[in-house]
Amino acid sequence: MKRKKITALIIAAATVLSVAGCGNNKETQVKDDNAPLTYWVDMDRSLASRVQTMGETPFYKEAEKRTGVKIEFVHPPLGQAGEQFSLMVASQAMYDFVEYDWFKYSGGPSKAIEDGVIMDLTSYIDKDAPNFKKITSKGEYADIYRRGSLTDDGKYFAFSTLNTGKYRTFGGLIIRKDWLDELGLAVPETIDEWTTVLRAFKEKKGATAPLTGLSGYFLVGGNAFNGAYGIGKGLYLDGKKVKFGVLQPEFKEYVKQMNLWYKEGLLDRGFATTDKKIIASNMTKGKSGAAIAFVGSQMGNYLSQMQEDKSYNLVAAPYPSPKKGEKSKFVAMEQDVPPNYLAISAKCTQPDKAVKWADFWYGDDGYMLLNFGIEGESYTMKDNKPVYTDKILHNDEGMNLSEALGMYTRATGPAPGINQAPEYLEQYYRFPQQVEAFRLWSETTDVARKSEIPASIMPTADESEEYAALEADINTYCEEMVLKFIIGEESIDKFDSFVESLKTQFNVKRYIEIKQNAYNRYLKR
């Protein structure tokens, strides 16, 4: 059955790629140093209605002028990148560049090199990529950048997305500042202060769901209030030791508190099934006074929607920590090396050219183009800082901010190069409350980074299947049980039995062990 499935994938892939006009089997092609390089990447959604390929944008046209290299883009249908990636790999009809999360390849990037799918770039980077080599060798984040770009056996497998600066957290606790002012209350920092505020919202403002948010932030996946107890929820680092938050004694105390808030009506009674539309309605119609939300897609939208109400005001609250005034170790943080990599296919006949082109994005010129676009068109320099022009901020062709930025930059999402320029982020958000929000949360970056398990670690090929099965079972069980404890379907008295079940029935020890071994290998890169 497995062989039949693989055969079917190959046939399907060959058909799909033929229709897409791939014809990119390098084994049958004669090397042509003047031939364009082909580039497979998921289309920027903000551009889908504007261009057929990303190569049509002013951004990539300018890149061609500066590098002298022509790129031909191939995009999978929107929403089908994962499926099309598998089909492409199975068919062995690879493009020169493939931008993807290569840790999703079965066995990871090391196995992809072993399988002859992508190139080992180590010798090329030493010779032809001085910018990338420098940033992964020297500087504040060099160790993180380097390890995030290497396999466990020390091979450079791709050009990574490297985030710069300290702005890493773009979602967290937001609260009605106008309500706080009216009630004579300060922005809460501790669990006790949050309890006082939420009670006041319920009793004096008539809020029926004082605190709202998606279920994941309260259960096991995301971080919100658990930092007040000094623990993460899922897997996290305590020094160099991997821990699972649910097993820690403090997690029981966290669940007790959420249960108390739920019973008292301070936590949204519908949080288990709520969605962003419901949260938006709650936050703009006086049903909720606080939420766990994103700065852009939620906080900004609420402020925009409520502009006619001059009193309406939202601000960010710090992630709670065990002691007032301390920085939380646990926040919803984007990593320094997010899971997005530009690999070069093993079938590429112009690897020197490909490496030099990719390296462009890690130099000063590439950094400015990637984050700000073309000087004089999309930005100008004022007081030695890049400032977007009206072509970006007030586009006269009907493009919104994301669309305009997508035409001239790749700043709005992960992209190979040095990303997340602070000046970009500070101009992207419409309201000063949004900028102040991620500035506030950025104060925790250096502390919180130490608890984050890097996205680029992974089990060995032999461990991968076992780990995936353990993770699926453990997370499902934990989500179900923690929800039941919070809403009172299970007595908190049974929490210790729940933890014991994780140890005896779900082999959580092995789950942690595999991740620990992977992290140990990461540290040796």
Side-chain angles (χ1 to χ4, degrees), residues 101 168-175 191 194 198 209-229 231-236 243-248 250-259 261-262 266-283 288 290-299 301-302 316-317 319-320 328-335 338-339 437-438 441 444 448 451-453 455 468 470-490 495 498 502 506 508 511 515:
D101 177 4
R168 292 285 185 279
T169 300
F170 306 103
L173 294 157
I174 63 172
I175 194 164
I191 291 295
W194 269 100
L198 294 176
L211 171 65
T212 189
L214 298 176
S215 63
Y217 289 103
F218 298 103
L219 300 179
V220 179
N223 290 306
F225 289 95
N226 52 287
Y229 299 85
I231 53 161
K233 287 183 180 176
L235 293 170
Y236 67 95
K243 290 186 175 181
F244 188 49
V246 177
L247 301 182
Q248 310 311 311
E250 294 87 352
F251 192 79
K252 182 177 181 180
E253 298 308 308
Y254 161 77
V255 172
K256 281 183 181 178
Q257 184 61 60
M258 294 301 105
N259 171 252
W261 281 357
Y262 184 87
L266 306 183
L267 171 59
D268 186 350
R269 291 282 177 83
F271 83 93
T273 57
T274 195
D275 59 25
K276 287 186 177 181
K277 288 184 178 179
I278 296 173
I279 295 170
S281 176
N282 287 348
M283 288 297 294
S288 297
I292 305 166
F294 290 107
V295 170
S297 62
Q298 293 178 282
M299 185 183 193
N301 285 343
Y302 307 159
Y319 278 78
S328 176
K329 297 179 181 178
F330 303 96
V331 303
M333 191 172 103
E334 185 173 311
Q335 297 216 345
F438 67 72
W441 296 327
T444 69
S451 70
E452 286 281 317
I453 297 177
L470 286 169
E471 183 173 51
D473 290 344
I474 288 169
N475 284 347
T476 298
Y477 180 58
C478 287
E479 291 281 338
E480 291 175 353
M481 291 303 297
V482 172
L483 175 60
K484 288 180 179 180
F485 287 128
I486 290 177
I487 67 176
E489 282 190 13
E490 286 282 0
F495 191 88
F498 154 64
L502 283 172
F506 289 86
V508 70
Y511 173 58
K515 186 66 83 171

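None of the values given here were measured: they were computed from a predicted structure. Count residues from 1 along the sequence.
L502 has its side chain out of reach of Y511: every pair of non-hydrogen atoms, C-beta onward, lies at least 4.5 Å apart. Side-chain contact between I292 and F218 is present, with at least one heavy-atom pair separated by less than 4.5 Å. Put simply, the side chain of V482 reaches to within 4.5 Å of the side chain of F251, judged on heavy atoms. Within the 4.5 Å cutoff, the side chain of D268 has no heavy atoms near those of the I279 side chain. Counting heavy atoms from C-beta on, the side chains of F485 and K252 never come closer than 4.5 Å. Contact of the R269 side chain with the Y262 side chain is registered, since non-hydrogen atoms from C-beta on lie closer than 4.5 Å.
More than 12 heavy atoms of other residues, nucleotides or ligands sit less than 6.0 Å from atom NZ of K233.
Within the model, atoms CG of N282 and OH of Y302 stand 8.5 Å from one another, a figure rounded to the nearest 0.5 Å. Atoms CD1 and OG, on I174 and S288 in that order, are 10.0 Å from each other to the nearest 0.5 Å. Atoms CG and CE, on N301 and M283 in that order, are 12.5 Å from each other to the nearest 0.5 Å. Between atom CE of residue M258 and atom CG of residue L266 there is a gap of 10.0 Å, rounded to the nearest 0.5 Å.
At distances below 3.5 Å, at least one donor-acceptor pair connects side-chain atoms of Q335 with backbone N or O atoms of A455. Of the possible polar contacts, none joining the T476 side chain to the D473 backbone as a donor-acceptor pair under 3.5 Å is found. No donor-acceptor distance shorter than 3.5 angstrom exists from the side chain of S281 to the backbone of K277, with no hydrogens or angles considered.
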Step-by-step side-chain contact (heavy atoms from CB on, under 4.5 Å) determination, L219 to L483: CA-CA 6 Å; L219 300 179; L483 175 60; 3.9 Å; yes
Derivation and outcome, side-chain contact (heavy atoms from CB on, under 4.5 Å), residues V508 and V246: CA-CA 10 Å; V508 70; V246 177; over 6 Å; no
Residues Q248, Y229; criterion side-chain contact (heavy atoms from CB on, under 4.5 Å); working and verdict: CA-CA 10 Å; Q248 310 311 311; Y229 299 85; over 6 Å; no
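Looking at every heavy atom in both residues, Y319 comes nearest to N223 through CE2-O, 3.6 Å. Among all heavy-atom pairs drawn from Y217 and A224, the shortest one is O-CB, 3.7 Å. Closest heavy-atom contact between T169 and A332: CG2-O, 3.2 Å. What you find for L214 and D275 is that their closest heavy atoms are CD2-CA, 3.8 Å. In plain terms, the two heavy atoms of A228 and I191 that are nearest each other are CB-CG1, 3.6 Å. Shortest non-hydrogen contact noted between M299 and A437 is SD-CB, 4.2 Å.
The aromatic rings of F225 and W261 lie perpendicular to each other, with more than 60° between the two planes, well past the 30° mark. Between F498 and F495, the ring planes are perpendicular. Angles over 60° get that label, and only those under 30° would be called parallel. Below 30°, between 30° and 60°, or above 60°: for F506 and Y477 the angle between ring planes is below 30°, a parallel geometry.
For K256, the salt bridge (charged side-chain N to carboxylate O under 4.0 Å, His left out) partners at least two apart in sequence or on another chain are E253.
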